[in-house]
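The structure presented is a predicted model; accordingly, all values stated were derived computationally and were not measured.
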Amino acid sequence: MSDALAGPDGALRCPWALSTEDYVSYHDKEWGRPVHGDDALYERLCLEAFQSGLSWITILRRRPGFRAAFADFKIASVAAFTDADKERLLGDPGIIRNRAKIEATVANARVLTDWAPGELDELIWSFAPDPATRPAPKRLADVPAVTDESTALSKTLKKRGIRFVGPTTAYALMQACGLVNDHLVDCAARSAS
């Protein structure tokens, strides 16, 4: 028996997706779908870092504000942010105003400007486990918070100068960006991921 629950339309979904309409849309259209491109992965990396210690719905609902505040997460643009930009961000009610996370977002962009185009994408995706080695989870309890791959990804990114990316954050990134498919076995979105 799976933990999947029927949503308003009768389709089975991961239970967490049914708590708000925002989650239903995110679950059905984004979570677990492959994400590629350095800027797109940088955005997800930053948002997962901002989420640390908070609920994902808080970040999801503020994502438009984050995109506006951080130049649509264009690495080159964020890397050019000045101290004045960082102070502006600390006063921006559309984002999470955490100095350490803002500093890390800008610092990470500066690190990434020295990487070759496509290098972030290639590095992150190199940690995707073989799907054949990962049975579809039946229950939420079957979904890990950390894996060997997320621990290795975290260590590699940290060695390369990326901040605010522990093993749990790295695993959340892997889930959100489709490196792993943690939709429950009976979830309607599983086959679409």
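In this structure, Lys155 places its NZ atom where only 12 or fewer heavy-atom neighbours from other residues, nucleotides or ligands lie under 6.0 Å away. Heavy atoms from other residues, nucleotides or ligands lying under 6.0 Å from CG of Asp142 number more than 12.
With hydrogens and angles ignored, the 3.5 Å screen pairs no side-chain donor or acceptor of Lys101 with any backbone N or O of Gln51.
Looking at Trp125 and Leu41, their side chains come closer than 4.5 Å, going by heavy atoms from C-beta outward. Counting heavy atoms from C-beta outward, Leu123 and Phe127 have side chains that approach closer than 4.5 Å. Contact check for Glu119 versus Leu112: no side-chain heavy atoms found under the 4.5 Å cut-off. At a threshold of 4.5 Å between non-hydrogen side-chain atoms, the residues Lys74 and Tyr42 do not count as touching. Looking only at side-chain heavy atoms (C-beta outward), Thr151 and Val146 come within less than 4.5 Å of each other. For the pair Met174 and Ile124, the minimum side-chain heavy-atom distance is 4.5 Å or more. Residues Thr105 and Phe164 have side chains not in contact (no heavy-atom distance under 4.5 Å, counting atoms from C-beta outward). Inter-residue side-chain proximity for Tyr26 and Trp56 is flagged as met; some heavy-atom pair is nearer than 4.5 Å.
Shortest non-hydrogen contact noted between Ser150 and Pro167 is OG-O, 3.1 Å. Here the closest heavy-atom approach between residue Arg134 and residue Thr147 is recorded as NH1-CG2, 4.2 Å. Pairing each heavy atom of Ala6 with each of Leu18, the nearest pair is O-CD1, 3.7 Å.
Defined by atom type and a distance below 3.5 Å, a donor-acceptor pair is present between the side-chain atoms of Thr82 and Asp85. One side chain, Tyr171 or Asp182, offers a donor N or O that lies under 3.5 Å from an acceptor on the other. Between the side chains of Thr58 and Ser55, at least one donor N or O lies within less than 3.5 Å of an accepting N or O. In the model, Asn181 has a side-chain atom that pairs as donor or acceptor with a side-chain atom of Arg190 under 3.5 Å.
Distance check, rounded to the nearest 0.5 Å: CG of Leu140 to CG of Leu184 gives 5.5 Å. One finds the CD1 atom of Ile57 at 3.5 Å from the OG1 atom of Thr20 (value rounded to the nearest 0.5 Å). One distance of note links CG of Asp28 with SG of Cys187; it measures 7.0 Å at 0.5 Å rounding. Glu43 CD to Asp38 CG: the interatomic distance, rounded to the nearest 0.5 Å, is 13.0 Å.
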Handout entry: Intermediate values then yes/no, salt bridge (charged side-chain N to carboxylate O under 4.0 Å, His left out), Asp92 and Arg97
Key = CA-CA 7 Å; Asp92 189 333; Arg97 295 171 288 185; over 6 Å; no
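With respect to Asp22, the salt bridge (charged side-chain N to carboxylate O under 4.0 Å, His left out) criterion is satisfied by exactly one of Arg63, Arg62, Arg61: Arg61.
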